[in-house]
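Accompanying notes for the structure given below.
Everything numeric in this text was worked out from a predicted model, so none of it was measured.
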Amino acid sequence: GLVGRRIFWTRDRRRILADLHNTLVVDSAHRIAHGTAPMFAELGFGFIEESIEAVEIALPDGRTLRVRGRIDRVDLGADGTIHVVDYKTGRSPSELFEAKALFQMKFYALVLWRIHGEVPRLLQLVYLGNGEVVRYAPDERDLLAVERFVRAIWDAVVQAARTGDWRPRTTRSTSRRRATHRRARR
């Protein structure tokens with residue numbers, strides 16, 4: 001049955017169908033252009049119910065960071081290369097925020113490199129809201145940089161836990177929200 005107001009369902013149904021159409025169009029074009037076929041969907045690693053172990057990253061202090069997650073889709077090219085596809089709801093972000101999504105894709109590539117011993121040929125972000133596709137071809141240097149960054153993040157977490165100093169990252173938008181909140185309380 002329907003939940004909520006009929007007018008919202010009508011609006012949301014149109015958006016859902018448009019997203020699905022965009023997904024099928026982009027997916028078909030990618031598979032034809034690159035000769036790929038889906039190998040995994042919702043590939044989980046490091047979860048109890050998954051057969052793939054967590055990815056381990058060696059830390060400078062000798063400990064090991066075990067990372068788990070889930071990759072939307074992994075395709076296999078006709079030439080045996082690995083392609084990673086990630087779907088994002090909504091529209092593509094500005095270039096400023098695109099780097100964050102690309103980091104996620106590079107992290108997935110690092111995971112697959114560690115699991116399969118091969119750097120994925122292509123990373124593809126598909127934005128369902130407007131059908132835009134961002135493609136990136138990683139190399140070993142990219143993925144080693146991601147691994148160093150993950151280690152640095154972990155070092156910062158360990159340091160914060162040791163000192164009790166958990167400062168939030170302040171941006172212009174959080175500063176504006178705080179100032180607005182302070183004015184509203186007066």
What is the distance from atom [atom1] of [X] to atom [atom2] of [Y], rounded to the nearest 0.5 Å?
X	Y	atom1	atom2	result
Asp142	Trp113	CG	CH2	10.0 Å
Ile71	Gln104	CD1	CD	9.5 Å
Met39	Leu76	CE	CG	5.5 Å
Arg148	Leu143	CZ	CG	10.5 Å

Handout entry: Single-linkage hydrophobic cluster, 4.5 Å side-chain cutoff, Leu102 and Tyr127 together
Key =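 Yes, same cluster.
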
Handout entry: Single-linkage hydrophobic cluster Phe149~Leu112, side-chain heavy atoms < 4.5 angstrom
Key =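 Result: yes, single cluster for both.
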
Handout entry: Aromatic Phe47 / basic Arg70 pairing, under 6.0 angstrom, 45° off normal
Key =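 Output yes; distance and angle both within limits.
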
[X] vs [Y] side-chain heavy atoms within contact, under 4.5 Å:
X	Y	result
Lys106	Glu147	no
Glu56	Arg114	no
Leu43	Ile52	yes

Practice task
Could you label the plane-to-plane angle of the Phe45 and Phe107 rings as parallel, tilted or perpendicular, counting under 30° as parallel and over 60° as perpendicular?
Solution key: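 Tilted.
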
Handout entry: His83 vs Gln124, side chain to side chain donor-acceptor pair (under 3.5 Å): CA-CA, chis, key distance, verdict
Key = CA-CA 8 Å; His83 299 232; Gln124 178 172 290; over 6 Å; no

